[in-house]
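Structure, as structure tokens:
In the text below, chain A, chain B and the rest are named by the order of the sequence lines, each starting its count at 1.
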Amino acid sequence: MQSFANEIRDGLDQALAEDPTVLVFGLGVPDPKGVFGTTLNLQEKYGEKRVFDMPTSENAMTGIAIGAALGGFKPVLTHQRLDFALLSMDQLVNNAAKWHFMFGGQRNVPITIRMILGRGWGQGPTHSQNLQSWFAHIPGLKVVMPALASDAKGLLLSSIYDPNPVIFLEHRWLHNAQTDVTTVEPIPLGKAKLLREGDAVTILSVSYMTIEALHAVDVLQQQGINCDLIDLRTVAPMDWPTIEQSVKKTGRLLVLDTGFKSFGIAGEIMAHVTETCWSSLKHPPARLTAPDYSESTSPALTKDYHVRAEHIASKIGEMMETSVSVEPILSQRGPAHDVPGNWFTGPF
Amino acid sequence: MQSFANEIRDGLDQALAEDPTVLVFGLGVPDPKGVFGTTLNLQEKYGEKRVFDMPTSENAMTGIAIGAALGGFKPVLTHQRLDFALLSMDQLVNNAAKWHFMFGGQRNVPITIRMILGRGWGQGPTHSQNLQSWFAHIPGLKVVMPALASDAKGLLLSSIYDPNPVIFLEHRWLHNAQTDVTTVEPIPLGKAKLLREGDAVTILSVSYMTIEALHAVDVLQQQGINCDLIDLRTVAPMDWPTIEQSVKKTGRLLVLDTGFKSFGIAGEIMAHVTETCWSSLKHPPARLTAPDYSESTSPALTKDYHVRAEHIASKIGEMMETSVSVEPILSQRGPAHDVPGNWFTGPF
Amino acid sequence: MTPELAKTLSHGMRRIRTVEETIAERYSDQEMRCPTHLSSGQEAVSAAIGAVLRPSDLAVSGHRAHAHYLAKGGDLNAMIAEIYGKVTGCARGKGGSMHLVDEAVGFMGSTAIVGGTVPVGVGLAYSLMLNETDDIVCIFLGDAVVETGVFHESLNFATLKNLPVLFLCENNFYSVYSPLSVRQSHMRQIHEKVSGFGITTEDGDGNDVAAVHEIVSRTVAGIRDGNGPAFLEFSTFRWREHCGPNYDDDLGYRPDQFIEDWNAREPIGLFESQALAEGSLTQDDIDALQSGIEDEVKAAFEFAKASDFPPASEASEHVLAASMMGSLK
Amino acid sequence: MTPELAKTLSHGMRRIRTVEETIAERYSDQEMRCPTHLSSGQEAVSAAIGAVLRPSDLAVSGHRAHAHYLAKGGDLNAMIAEIYGKVTGCARGKGGSMHLVDEAVGFMGSTAIVGGTVPVGVGLAYSLMLNETDDIVCIFLGDAVVETGVFHESLNFATLKNLPVLFLCENNFYSVYSPLSVRQSHMRQIHEKVSGFGITTEDGDGNDVAAVHEIVSRTVAGIRDGNGPAFLEFSTFRWREHCGPNYDDDLGYRPDQFIEDWNAREPIGLFESQALAEGSLTQDDIDALQSGIEDEVKAAFEFAKASDFPPASEASEHVLAASMMGSLK
Ligand SMILES: Cc1ncc(C[n+]2csc(CCOP(=O)(O)OP(=O)(O)O)c2C)c(N)n1
Ligand SMILES: Cc1ncc(C[n+]2csc(CCOP(=O)(O)OP(=O)(O)O)c2C)c(N)n1
Ligand SMILES: [Mg+2]
Ligand SMILES: [Mg+2]
């Protein structure tokens, strides 16, 4: 069994091994904790020039990644929280995303920017933002959001080898997820993955939401409701053909997202599906997302903040106009609501 | 007659005069051109401590605005292009937007950030971004996008006196627009304005798009098609009641936006309207926006980039399944496509 | 040194130490459910500046702010309750350990983004300048903050406008597990780099509370006199892991000799042994201070634990402040 | 000075001057439809560094980059065509005057955000270091760039890694209409502030091409020798408005005396009168250089005007580069 974090680490290891132009850097990359285990021992293996720590200079380090890319390298830059990357929006949006375009297609910027999405244990307003819709809105960026441990490595390898800047969003609650499938091949970006099949509702999910959705869908199945569960994997480019095909079959769409609701990725998907699948729709497209306010620090204020399997199951029931029991979900709930599992005891 | 730019200037003047805590600063604020005329003579009138130029330090100056606000002032910060404000996303999103929330509602941050939206005359990829959907996605920010010169001053005054951080997006092509109505009272934020009435299609527009929409709607009216044209004025908070009321009447929605299409504000409006007005919809909600790529510099590459009145009129015709003549629009077209009017001869 | 000052400094350090060590002790109860950065070992700088600042002076800080909040006079009960996520917390449980605030005593806020409050502090100083007071703003910062662009931008503006700001840097040589050597050129020390800007800079031993007190007294007086901003660098040593309650020197990221040297220079003992020797403190004084502190800290934890959690409805509150439009004119 | 170098410097300055003044002359034709920042008056720094850098050295720049592009050996035809928005432009018309690129000669790109290419240049230097060449990166920057946080962050990293970078600052005392005095503390000059970082810094008269040449030759040699980054500040004077083809001194934002003093130190005349006096140049040399340049510039404008606009379909191209996945392994 491999953890999601190990799969990320192995992906970096493999890329560093097979391509001497790959560089890995970020705050804490070579430290004893190795960014939640995802970069452990890489500096020892590949040296200080290719794998290195950095100053708390998120904007410059993004520009430095761009420069190194123009100089022939493939940098992978890591931010321990997406929130810190807000300091680098100028380099990311004005330079990385546009370099290929604004110089007439002469050069491309093959950088991968890993950003970790925080949640729970008092991460609070500035350690828990999920701004995927920001990145997806910017032409020239790709946005990858792995959910399954078995996809993590393949998606990371594709991101590293992609000729464009790729934002790779890793949910902190997934790092400990286990898989017995180990990927060896890159998984193409822009291809969603159908995880469960059914004709009741098309459920589109990303990142950690897919874990909750899997619980919900399995419980619904026991109650005779079968859904298409599609893990998007890549938010930009979006796999519209797979989405449209499913919605044309089910006529019902539920989008799950970890980000704020309004002006988020769910709205775009709903709008697009309304444009393209209008005549197939039996029900207005629906969404379950984080609300339009920040995650608080106090555990008392995060209980109902995040979408969980029971919310998904209820929503599907509502959309199917049938009653659904969420009891099997609630009775399986293990750890406190603000930790990913009993293995997590804080502080970060 | 007053220009839009004069209205902005008068709004700043009025706020500075009536409230000694108002401050106005930004690159070029006291210079001979006064930010396209919007800040002329204010420093002479109110002194160097309240009206001042600044270093090219967009992130710090945003934080300084926040600090001054916490110190009891109401700063108005100006960026000559929205694109430059990308350097300040950390202070804007992690501090300004969240301060009220993350300290439990004790303090608020009454800052106004004017950002000018560039277009045409080779503004190119990094001087023409319209990232309203970014700001609208962030809880804690208000987003104002005036269109009519007659609204500019009233909306600006409300923004300055609003207790929250307000992003005030001024389209460069509106600065020379004229009005004979001069506002004296603040116009409440969050209230859209119905500019034309009809029951064919609900057209929602913002900023400069409203000017194009007015042309289109007037020409359509001559052809017997009457539309509700609603100028949103504020994108966050959105005036959902006005929008829903109109869509419930017309059953058809067309959203116009100056920003990139995907993950933009139009998608959110379409999604929301689908959620709330489903049973009234006679046609899938539609949008006309900038495409999903940047504005190029060469005038040869911007001809079809922006939505113009003829596109709007054609789209309405398509939605109404009737043929519409755009000839009256095309025959009125005056200046070259990359300038707002003959008064503009470059370079900025 | 006067007995009074000696007591103030000893009390300031002991109070911080006791609070931090009590948090460390109780963190494993899993009731303080937020990232928590302790200042044990770094008490001297805070205690010294706390003895110099007035309540009307302002301060801002970052992720490791307990000591700064306490030194500035922040309410202990409200801080512990905040860490416990209670509605009686200084931010009603919204912010946790990394978001402390007590405006009643001029502690204007600490936040979790490295460098994030530096320009906020400078903006506060701009407001003080406009209001023509002789108060100052103290911006607490760690050694990593000087790597951020916003620090330099802020320094430039503070210097340009000659603002009453003290940039107070506690250099503990590490940012999380990363030594200075992987983050900053060793050609110059931090205060030397900053001195290029032409402002007053000075450095000192951050574990010698008397020395810190002397330097900050002099520097703050200069700022009040209109000399403009100053930057002070004090070297010091963090005892426990970067974030959390444990010791982590088994990880080996700090050289043994470094740890030993610093442990030999524990700030409270260092100061008190001198003070006892020179007679500005007696053992009775110390015992009395400590027992008062222990009562206070115990009460604070009791207060926090007994307090209510915020009602669930508060999760969605405080997003936007209500318009004050009506109150205009 | 050798006659050869004198010719190179004179030619470099005259070529830039002639290009810029021709743009100024023709801008009102309304065929160059993009913001355009001219370097007339500031030719000396570019000409001097152009004579020192190798084609394999790299350079990046900002909004006012014509002189830098030309000095680095950039293709003149492609630059003029770019300003005209033609498909033969160096960025196929996508970028205009503010986005110049000619990788064939190591000009890696200029962009429009103040400070935006500074870290890109440092990243390029990191790649040179990894590739173990003795090439260097020259980062052209204006006086406003030192106000940006990203400049300081970049300087820190360049110093930390001892990278082969020359930060080359042309201080023309203004950012748009704003004098240094409203943007930066006057306590120190720019190079003095930077010297706090401990890297090599020097300043000089940016209108004295021979002096600039001497300083940059020495400094670049040091960087090639592994001395690490250096920062040079040269004062100079922009003739025309910040953006656009006109003179705007009627606006009164620059003191008359300042303008007069600088006009008296026009860099081409200054250099050539000395060179003629010392015999390293003859009037015939100069005339020949100038007539060659005029032919070249005339031809470049003809090339640009005769070139096609990009097809409309290119507007949506170059958003994403095609995957090179297939070519891996
Ligand atoms: C912009 C940003 N980048 C990274 C982090 C993660 N982070 C949290 S604390 C910290 C270390 C700061 O070190 P220093 O300023 O020396 O303070 P110390 O922890 O030593 O007191 C880092 C890097 C952050 N919070 N913000
Ligand atoms: C981040 C950012 N802020 C503001 C601007 C607007 N702007 C364009 S050029 C310029 C002046 C730059 O001055 P300087 O670096 O001295 O170069 P100069 O124009 O004098 O050559 C400014 C402020 C910008 N392009 N980018
Ligand atoms: Mg530290
Ligand atoms: Mg300048």
Side-chain angles (χ1 to χ4, degrees), chain A residues 25-35 43 48 52-61 63 80-81 83-88 90 118 120-128 260 291-305 335-339 342 344-348, chain C residues 27-28 30-37 82-87 89 91-99 111-116 142 144-150 175-179 182-184 241-246 248 251-253 308-319:
Chain A
F25 57 95
L27 289 174
V29 158
D31 80 23
K33 294 290 176 77
V35 188
Q43 188 176 58
E48 295 190 357
F52 52 98
D53 210 322
M54 67 177 213
T56 307
S57 304
E58 281 83 358
N59 199 31
M61 293 312 301
Q80 304 228 16
R81 285 292 178 274
D83 315 70
F84 310 157
L86 287 179
L87 284 151
S88 63
D90 171 53
W121 199 269
Q123 292 298 302
T126 60
H127 277 59
S128 64
F260 301 125
D292 282 333
Y293 52 88
S294 297
E295 183 176 325
S296 291
T297 300
S298 173
L301 298 177
T302 56
K303 281 214 177 86
D304 301 318
Y305 187 87
H337 77 279
D338 63 344
V339 293
N342 285 325
F344 187 95
T345 58
F348 197 62
Chain C
Y27 195 83
S28 61
Q30 304 268 294
E31 291 180 32
M32 291 178 265
R33 301 176 83 84
C34 62
T36 302
H37 305 77
E82 186 61 34
I83 304 174
Y84 273 83
K86 299 302 179 75
V87 72
R92 300 184 73 82
K94 282 265 165 92
S97 163
M98 299 194 290
H99 296 90
T111 69
I113 303 291
V114 170
V145 172
V146 300
E147 296 151 23
T148 67
V150 78
S175 164
V176 195
Y177 304 101
S178 306
V182 302
R183 303 179 280 122
Q184 297 177 29
E241 58 190 347
H242 165 71
C243 179
N246 303 308
D248 67 350
L251 295 175
Y253 66 100
D308 288 333
F309 281 112
S313 60
E314 286 208 13
S316 60
E317 285 171 23
H318 314 130
V319 177

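Options Leu86(A), Thr345(A), Asp83(A) differ in how many heavy-atom pairs under 4.5 Å they form with chain C, and the most are formed by Thr345(A). Per-residue heavy-atom pair counts under 4.5 Å with chain C were compared for Ala300(A), Ala336(A), Gly124(A), Pro32(A), and the maximum is reached by Pro32(A). The greatest number of non-hydrogen atom pairs below 4.5 Å with chain A, out of Phe309(C), Tyr253(C), Tyr84(C), Tyr27(C), is found for Tyr27(C). Taking Gly89(C), Gly85(C), Ser28(C) one by one and counting their heavy-atom pairs under 4.5 Å with chain A, the maximum is reached by Gly85(C). For the options Gly95(C), Gly244(C), Ala312(C), Ala91(C), heavy-atom pairs under 4.5 Å to chain A are most numerous at Gly95(C).
By the 6.0 Å contact criterion, CG on Asn246(C) is enclosed, its count of non-hydrogen atoms from other residues, nucleotides or ligands being greater than 12. Summarising the local packing, CD of Glu31(C) is surrounded by more than 12 heavy atoms from other residues, nucleotides or ligands at distances under 6.0 Å.
Here the side chains of Lys86(C) and Ser298(A) are not in contact, with every heavy-atom distance at 4.5 Å or above. Contact annotation: the side chain of Glu48(A) never approaches that of Val182(C) to less than 4.5 Å [non-hydrogen atoms, C-beta and beyond]. Within the 4.5 Å cutoff, side-chain heavy atoms of Pro310(C) are placed close to those of Leu301(A).
A distance of 6.0 Å separates NZ in Lys33(A) from CD in Glu241(C), rounded to the nearest 0.5 Å. Distance check: Thr297(A) OG1 to Glu82(C) CD gives 7.0 Å after rounding to the nearest 0.5 Å.
Only the side chain of Ser175(C) has a heavy atom closer than 4.5 Å to any heavy atom of chain A. At a 4.5 Å heavy-atom cutoff, the contact between Val319(C) and chain A is made by side-chain atoms alone. Contact of Met32(C) with chain A is made through the backbone alone, with heavy-atom distances under 4.5 Å. Heavy-atom distances place the side chain of Pro125(A), and not its backbone, under 4.5 Å from chain C.
For Ser296(A) (side chain) and Lys94(C) (main-chain N/O), no donor-acceptor pair under 3.5 Å exists by modelled atom type.
A search for side chain to side chain contact (heavy atoms under 4.5 Å, CB included) contacts involving Ser57(A) returns Pro55(A), Ala60(A), Met61(A), Glu147(C), Glu153(D), not counting sequence neighbours. Shown here are the side chain to side chain contact (heavy atoms under 4.5 Å, CB included) partners of Arg92(C), two or more places apart in sequence or in another chain: Val87(C), Glu314(C), His318(C).
Closest approach of Arg183(C) to Met54(A), counting heavy atoms only: CG-O, 3.8 Å.
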Inset, instruction - Run the numbers on Val339(A) and Arg33(C) for side chain to side chain contact (heavy atoms under 4.5 Å, CB included), then give the verdict. - result: CA-CA 10 Å; Val339(A) 293; Arg33(C) 301 176 83 84; 3.8 Å; yes
